[in-house]
Amino acid sequence: MHGEDIHLAEIECQIAATAAKLRELIEQSASHVVAMSEELVGQRIDDQAARLETLIRRRDELLRARSGED
């Protein structure tokens, strides 16, 4: 496996984990089970959404670079 393939696989795993965490935070916020303030939950959701966007951008850049090599 090439180094880029490993890096891409790591990013894919991070995307999946971050998306799962984001869904969990949204569900917790919606169900009001969380003992945290709404502001803190909102900030955590925003942080995870930003992380997800960054990871997706990195993945897309790797895929574009790979397609340009072919």
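Just so it is clear, the model here is predicted, and its values are computed rather than measured.
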> Nearest 0.5 Å, what's the CD1-CD distance between I56 and E53?
7.5 Å
> Would you give the length of the straight line joining atom CG of L52 to atom CD1 of I45, rounded to the nearest 0.5 angstrom?
13.0 Å
> Let me have the donor-acceptor pairs involving side chains of residues 8-24, under 3.5 Å, with sequence neighbours excluded, atom names and distances please.
| from | atom 1 | to | atom 2 | distance (Å) |
| --- | --- | --- | --- | --- |
| T18 | OG1 | Q14 | O | 2.8 |
| T18 | OG1 | R51 | NE | 3.3 |
| E24 | OE2 | Q28 | NE2 | 3.3 |

> Nearest 0.5 angstrom please: L55 CG to Q48 CD, how far?
9.5 Å
> Between R59 and L63, is any pair of side-chain heavy atoms under 4.5 Å apart?
yes
> Looking at CZ of R58 and CD of E61, how far apart are the two atoms once the value is rounded to the nearest 0.5 Å?
9.0 Å
